[in-house]
Student: 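Got a structure for you, questions after.
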Amino acid sequence: MRILVLTDVHGNLAALQSVLATAPAFDRIWCLGDLVGYGPNPNEVIERLQEFSLVSVLGNHDWGVLGRSDPYIFNADARYALLWTQTELNSENRRFLASLPAGIEVDGYVLVHASLREPIWEYLLDVDAARKNFAFHNFSVAFVGHTHIPLVFESVENGREVRGLLPDWHEPLQLDGRRLLVNPGSVGQPRDGDPRAAYGILDTEARTFSFHRVAYAVEITQERMRVRGLPERLIDRLEVGR
Ligand code: ZN
């Protein structure tokens, strides 16, 4: 089976559509959270994802939109977008978000938004944080999002060493016999300096994960955000991927 693994769509329908239109053939979607927040099309993103066989977990923005955290945890721009999303989201889609788990194990793979220790909030950006998560839970391969940066951490020599690996955009990552934390990067608001939408394809038979990138019409999302009065800084960052 081939699974489209994506995360942090953040209401960016144009980016999601580009991913769905160009991704290699897949059977289902695993979403690592933050379906909404920041972007202009939260309802449409949720509804489009539900057209597929979908497994999804909750992200910190989804959590915030559901009113489960103090909006003042978020910076001013994120908070503005979050409060706007609260008013925009219809009750059916709100119920859908509320039904999502904070983490889940599917076919031996663990899916969480942020980390094993802190499924909603921890930023897995360095080997020290990764090491603590390898020690916390005995998963083989876990998929995470949240940082919006495509990145892999590997635990080797029974956890004595943890290393960070940059994604190889040409060769699939081999998963067999390895302990890995894999972040496919963000569909709707990349932050690694590349504005193109990021996602990955898991091949459960070959036991590989390939990283992918696709350009989308950033200006369409930016225009929709302007029309909705969303913060200028959130609009600008989409074209630089920061
Ligand atoms: Zn996010």
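On a predicted model such as this, the values are computed, not experimentally measured, just so you know. As the structure lists them, so they are numbered: ligands from 1, and atoms in each ligand from 1.
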Student: With respect to the Zn ion (ligand 1), please indicate if H10 possesses an N, O or S atom at a distance under 2.8 Å.
Tutor: yes
Student: Measuring from the Zn ion (ligand 1), name the closest N, O or S atom belonging to D8.
Tutor: OD1
Student: If you compare all heavy atoms of N12 against all heavy atoms of Y216, which two are closest, and at what distance to 0.1 Å?
Tutor: ND2-OH, 3.0 Å
Student: For the residue pair H146 and W121, categorise the inter-ring angle as parallel (less than 30°), tilted (30 to 60°) or perpendicular (more than 60°).
Tutor: perpendicular
Student: Which atom name would you report as the N, O or S atom of D34 nearest the Zn ion (ligand 1)?
Tutor: OD2
Student: N/O/S atom of H148 under 2.8 Å from the Zn ion (ligand 1), yes or no?
Tutor: yes
Student: Hey, are E122 and N133 close enough side-chain-wise for a donor-acceptor pair under 3.5 Å?
Tutor: yes
Student: For the ring pair Y80 and F74, is the centre-to-centre distance below 6.0 Å?
Tutor: no
